[in-house]
Undergrad: 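Once you've had a glance at the structure underneath, I'll fire off some questions.
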Amino acid sequence: MAEKDENKEPAITEITPKSEDFSRWYTDLVRRAELADYSPVKGCMVIRPYGYAIWEFIQRGLDDRIKATGHVNAYFPLFIPKSLLTKEAEHVEGFAPQVAWVTRGGTEELEEPLVVRPTSEAIIGTMYAKWIQSWRDLPVLINQWANIVRWEKVTRLFLRTTEFLWQEGHTAHETAEEAEEETLKILALYKEFVETELAIPVIAGRKSESEKFAGAGRTYSIEALMGDGRALQAGTSHNLGQNFAKAFDIKFQARDKSLQYIWGTSWGMTTRLIGAVIMVHGDESGLVLPPRVAPYQVVIVPIPRGNWRETVLPHARQIRDSLVAAGVRVMLDDRDAYTPGWKFSEWELRGVPLRLEIGPKDIEKQQVMLARRDTREKLPTPVAGLPGRVQELLAAIQQSLFDRALAFQLDHTSRAATWDEFTKTMEGRPGFVVAPWCGDAVCEADIKAATQATIRNLPMEAAAGPGAPCVKCSRPSVSDAWFAKAY
RNA sequence: CGGGGCGUGGCUCAGCCUGGUAGAGCACUCGGUUCGGGACCGAGGGGUCGAAGGUUCAAAUCCUUUCGCCCCGACCA
């Protein structure tokens, strides 16, 4: 048998090449892989079963972690009366341009318009005011899984749609320290989740004043680097201080008998994470899904020969059953209508981490052919001990995806000390550029206007001693900042 | 919301400039041969050209309006 060119990338003609046009590649892929589709509703997408399955794994992984840290789930209304939203001044101002209004019910004008929640601080804060009386009622640690509506002007599948799905945690605490501790605990939880489950390395840090959440005291975020060199905010955790407590009158009687406002936090991650998975791991052949969130971790492609349904298929079924019994998510693609070659390409496009081929030759040798999606390596593997080997490989793929993404991130992170250096480095889509910043919002705005780059966040540990000169204005810096062009 | 581009079977697109009543490839259906990297042969089904209005004997094609989508900016998870 002639040696085949292992590096040959099959042409997926329906998808715009990633190297040619990243945006179109992304959109083509989302649709062709059947993750999501446009709907008749402007700005709203349909999450298709294959995409929703990924969301369900994200939900499960996050929900487990949220509960393991003592939080409980609840559900609050979709509608928020206008008067509630407007209680926190900064909050309304931040969200006013983005809210959808309900002004009629049936044929009657509503006395008070309702907004469709753009986030739930207002409605949840209102309820907390009723529920919290004493320090003994604290902390309140509630999470909600919900849909959110924000009237975005420009939408992109998964990354920004008018309606999206998320989880939002809302907590109330006795002290400022506790609230900060909670905020950071969740930030760390988010980082661990995204890195472990989605194999996406992230930069955790604090948002600048101008980038923080409307109404928050402090916002922290995790930022990931996409394959085109743009950054994506993957999750946020806000320390609300007493802002919302004061606006919504959430008070409790403290241990010293005094009446105090609670200290709040809120935090969320969204269906946007699916977009991040696509843009971080995807390649020219399509999706590459981290095994831990892949709807199918292994696809079995039987090689049809003669009466293969009697000869090959029973073996394939047996292997499937043994893998399923070991807890592996398996798709046995026994469709007649497609050739093996077609199925190889199709499931690569859909990002299945591991392919298992089984044909007459393999059966003779008591083996199967495994093929890794990430490296395209083909591995003849004995049937004996297969489930264990598959689990090892899935773990190895998960790890290698993370390593690869981390290497890419490091490779696309640079430092700039001077303005000249900064502007040169920031040309194109270089990824992260770390540079000292004076802390002045004016400088931040100037930098954005000149280069399109924004401060993604500020490192958690402030540098000791007086900072190097600000990259823009040369005044002493308060901190380094992670700059990038962002989604 | 500003700049640019595009809407023609399910998808990608040709036809439009120079009006004459709709095509290709892929996909789909049926039959057969195939199947270890997107198979082949034969036979079929499917669109009124984003929408509305106008010009004309005649409009996918020309004009006006409108809606939607994509890309780049400003805004955001």
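We name chains A, B, ... by the order of the sequence lines, and we start the count at 1 in each one.
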Undergrad: With rounding to whole Å, what would you report as the distance between B:C11 and B:C69 at their C1' atoms?
TA: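 The same atom, C1', in both gives a distance of 15 Å.
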
Undergrad: Which residue pairs pass the side-chain hydrogen bond (donor to acceptor under 3.5 Å, both in side chains) test when at least one of the two sits in residues 142-159 of chain A, sequence neighbours left out?
TA: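 Listed once each, the pairs are A:D63-A:W145, A:N73-A:N143, A:Q98-A:E152, A:R117-A:N147, A:S120-A:Q144, A:N143-A:Q167, A:Q144-A:E168, A:N147-A:E163.
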
Undergrad: With a 3.5 angstrom cut-off on both distances, give the Watson-Crick or G-U wobble partner of B:A60, or none if there isn't one.
TA: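 Because no pair has both required distances under 3.5 Å, B:A60 counts as unpaired.
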
Undergrad: According to the Watson-Crick and G-U wobble definitions, with both distances under 3.5 Å, which nucleotide is paired to B:C16?
TA: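 Checking every strand shown, B:C16 finds no partner, since no pair has both distances under 3.5 Å.
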
Undergrad: With respect to the phosphate group of B:A39, does any side-chain polar atom (N or O) of A:T339 fall under 4.0 Å of OP1 or OP2?
TA: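 Yes, because at least one side-chain N or O of A:T339 sits under 4.0 Å from OP1 or OP2 of B:A39.
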
Undergrad: NA contact type, A:G43, heavy-atom cut-off 4.0 Å: base, sugar-phosphate, or nothing?
TA: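 Counting heavy atoms under 4.0 Å across all strands, the contact made by A:G43 is with sugar-phosphate only.
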
Undergrad: Applying a 3.5 Å limit to both distances, which nucleotide forms a Watson-Crick or G-U wobble pair with B:A22?
TA: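 In the structure as shown, B:A22 has no Watson-Crick or wobble partner.
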
Undergrad: For the pair made of OH in A:Y487 and C1' in B:A77, what is the distance, rounded to whole Å?
TA: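 From A:Y487 OH to B:A77 C1': 14 Å.
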
Undergrad: May I ask you to verify whether the side chain of A:R355 and the base of B:G36 hold a donor-acceptor pair under 3.5 Å?
TA: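 Not at all, since no donor on one side and acceptor on the other fall under 3.5 Å apart.
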
Undergrad: Taking only side-chain nitrogens and oxygens of A:Q452, does any of them come within less than 4.0 Å of OP1 or OP2 of B:G73?
TA: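 Looking at the OP1 and OP2 atoms of B:G73, one of them is under 4.0 Å from a side-chain N or O of A:Q452.
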
Undergrad: Check RNA chain B against residues 287-304 of chain A and give the residues with a non-hydrogen atom under 4.0 Å, in numerical order.
TA: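 Correct list: A:I303, A:P304.
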
Undergrad: Rounding to an integer number of angstrom, what distance separates B:G47 and B:G4 when you compare their C1' atoms?
TA: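 Between the two C1' atoms, the distance is 29 Å.
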
Undergrad: Let's see if you can work this out: which of B:C1, B:G37, B:C70 has an atom nearest to the side-chain heavy atoms of A:Y38?
TA: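 Out of B:C1, B:G37, B:C70, the nucleotide with an atom closest to A:Y38's side chain is B:C70.
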
Undergrad: With sugar-phosphate meaning primed atoms plus P, OP1 and OP2, does A:Q98 contact a base, only sugar-phosphate, or nothing at under 4.0 Å between heavy atoms?
TA: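 Since only primed, P, OP1 and OP2 atoms lie under 4.0 Å of A:Q98, the category is sugar-phosphate.
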
Undergrad: Does a side-chain N or O from A:R156 land closer than 4.0 Å to OP1 or OP2 of B:C71, or not?
TA: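 Yes, within the criterion.
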
Undergrad: Scan every strand shown for a Watson-Crick or G-U wobble partner of B:G42, both distances under 3.5 Å, and answer none if you come up empty.
TA: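 Base-paired to B:C30.
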
Undergrad: Is the shortest side-chain heavy-atom distance between A:V368 and A:H315 below 4.5 Å?
TA: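 No; the side chains remain at least 4.5 Å from each other.
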
Undergrad: I want to check a possible cation-pi pair here: A:R65 against A:F193, using under 6.0 Å from ring centre and within 45° of the ring axis as the test.
TA: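 No cation-pi geometry.
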
Undergrad: With respect to the side chain of A:K153, which nucleotide from B:G36, B:C1, B:G38 is positioned closest?
TA: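 Of the options given, the side chain of A:K153 lies nearest B:C1.
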
Undergrad: Does B:C1 have a Watson-Crick or wobble mate here (both distances under 3.5 Å), and if so which one?
TA: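 Across any shown strand, B:C1 pairs with B:G73.
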
Undergrad: Please report whether the ring centroid of A:H91 lies less than 6.0 Å from that of A:F244.
TA: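 Yes, the ring centres sit under 6.0 Å apart.
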
Undergrad: If you look at every strand shown and take non-hydrogen atoms under 4.0 Å, does A:E357 touch a base, only sugar-phosphate, or nothing?
TA: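 Result for A:E357 = base.
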
Undergrad: Would you check if the distance from the ring center of A:W267 to the ring center of A:H71 is below 6.0 Å?
TA: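 Between A:W267 and A:H71, the centre distance is under 6.0 Å.
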
Undergrad: Of the options B:A74, B:C76, B:A77, whose atoms approach the side-chain atoms of A:V154 most closely?
TA: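 Nearest to the side-chain atoms of A:V154, counting from C-beta on, is B:A74.
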
Undergrad: Are the aromatic rings of A:Y52 and A:F57 close, with centres under 6.0 Å apart?
TA: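 Ring centroids of A:Y52 and A:F57 are no less than 6.0 Å from each other.
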
Undergrad: Take the protein atom CH2 of A:W342 and the nucleotide atom P of B:C26, then report the distance between them rounded to whole Å.
TA: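 About 15 Å, once rounded to whole Å.
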
Undergrad: Over all strands shown, is A:S39 touching base, sugar-phosphate only, or nothing at heavy-atom distances under 4.0 angstrom?
TA: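 Nothing, no nucleic acid heavy atom in range.
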
Undergrad: In whole angstrom, give me the gap between the C1' atoms of B:A43 and B:U8.
TA: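 B:A43 and B:U8 have their C1' atoms separated by 27 Å.
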
Undergrad: Looking for any heavy atom pair under 4.0 Å, which part of the strands does A:M369 touch: base, sugar-phosphate only, or nothing?
TA: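 Base contact - A:M369 has a heavy atom under 4.0 Å of at least one base atom.
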
Undergrad: Please tell me if the side chains of A:T219 and A:E211 come closer than 4.5 Å, counting only heavy atoms from C-beta onward.
TA: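 The answer is no, as the side chains (C-beta and beyond) never meet within the 4.5 Å cut-off.
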
Undergrad: Mapping A:R150 and A:G306 onto RNA chain B by nearest heavy atom, which one lands closer to the 5' end?
TA: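 Its nearest nucleotide being more 5', the pick is A:G306.
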
Undergrad: Determine the Euclidean distance between corresponding C1' atoms of B:G68 and B:A24; express it in Å to zero decimal places.
TA: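 My reading of the C1' atoms in B:A24 and B:G68 gives 26 Å.
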
Undergrad: Using whole Å, what does the distance between atom C1' of nucleotide B:C69 and atom NZ of A:K42 come to?
TA: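 Roughly 9 Å, once rounded to whole Å.
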
Undergrad: Are A:T454 and A:F483 side-chain neighbours, meaning at least one heavy-atom pair lies under 4.5 Å?
TA: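 Heavy-atom side-chain distance check fails, nothing below 4.5 Å.
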
Undergrad: Looking at every non-hydrogen atom in both residues, tell me the closest pair between A:T236 and A:Y190 and how far apart they are.
TA: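 So the minimum-distance heavy-atom pair works out to O-CE1, 3.4 Å.
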
Undergrad: Under 4.0 Å, heavy atoms only, any strand: does A:P360 hit a base, just the sugar-phosphate, or nothing?
TA: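 Base contact - A:P360 has a heavy atom under 4.0 Å of at least one base atom.
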
Undergrad: Check whether any side-chain heavy atom of A:R429 lies under 4.5 Å from a side-chain heavy atom of A:F22, and answer yes or no.
TA: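 No. Closest side-chain heavy atoms not under 4.5 Å.
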
Undergrad: Write down the distance separating the P atoms in B:G19 and B:C63, rounded off to the nearest Å.
TA: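 That atom pair is separated by 12 Å.
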
Undergrad: In whole Å, measure the gap between the P atoms of B:G50 and B:G7 for me.
TA: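 Rounded to whole Å, the distance is 8 Å.
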
Undergrad: Rounded to whole Å, please give me the gap between NZ in A:K485 and C1' in B:G73.
TA: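 Those two atoms, NZ and C1', are 12 Å apart.
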
Undergrad: Distance between the C1' atoms of B:C67 and B:C30, in whole angstroms?
TA: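 Pairwise C1' distance, B:C67 against B:C30, rounds to 40 Å.
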
Undergrad: Distance between the C1' atoms of B:G42 and B:U34, in whole angstroms?
TA: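 15 Å, rounded to whole Å.
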
Undergrad: Between A:K343 and B:A39, is there a contact of a side-chain N or O with OP1 or OP2 at under 4.0 Å?
TA: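 Checking B:A39 against A:K343, no side-chain N or O comes under 4.0 Å of OP1 or OP2.
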
Undergrad: Given side chains that start at C-beta, do those of A:V194 and A:M269 come closer than 4.5 Å, heavy atoms only?
TA: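 Yes, their side chains come closer than 4.5 Å.
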
Undergrad: Hunt down the Watson-Crick or G-U wobble partner of B:G68, both distances under 3.5 Å, from any strand shown, or write none.
TA: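 Checking every strand shown, B:G68 finds its partner in B:C6, with both distances under 3.5 Å.
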
Undergrad: Return the value, rounded to whole Å, for the distance between atom CE of A:M45 and atom P of B:G68.
TA: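 So the two atoms are 19 Å apart, to the nearest Å.
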
Undergrad: Cationic tip of A:R272 within the cone over A:F164's six-membered ring, i.e. under 6.0 Å and within 45° of the normal?
TA: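 No, cation not above the ring by the 6.0 Å, 45° rule.
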
Undergrad: May I have the distance from A:I148 (atom CD1) to B:A77 (atom P), rounded to whole angstrom?
TA: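 About 12 Å, once rounded to whole Å.
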
Undergrad: Whole angstroms only, please: what is the CE-C1' distance between A:M226 and B:A77?
TA: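 Going from CE in A:M226 over to C1' in B:A77 covers 12 Å.
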
Undergrad: What contact category does A:D362 fall into here, base, sugar-phosphate, or nothing, at under 4.0 angstrom with non-hydrogen atoms?
TA: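 Counting heavy atoms under 4.0 Å across all strands, the contact made by A:D362 includes a base.
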
Undergrad: Does A:S23 have a side-chain nitrogen or oxygen under 4.0 Å from the phosphate oxygens OP1 or OP2 of B:C72?
TA: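 Yes, A:S23 has a side-chain N/O under 4.0 Å of OP1/OP2 on B:C72.
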
Undergrad: Separation of A:Y26 atom OH from B:C69 atom P, in whole Å?
TA: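 Spelled out: OH on A:Y26 to P on B:C69 is 16 Å.
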
Undergrad: Check whether A:Y50 forms a cation-pi arrangement with A:R350 (NZ or CZ under 6.0 Å from the six-membered ring centre, at most 45° off the ring normal).
TA: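 Yes, a cation-pi geometry.
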
Undergrad: Under 3.5 Å, which protein N or O atoms sit close to an N or O of nucleotides 28-33 of chain B? Give each pair with its distance.
TA:
residue: B:C28; atom: OP1; partner: A:Y338; partner atom: OH; Å: 3.1

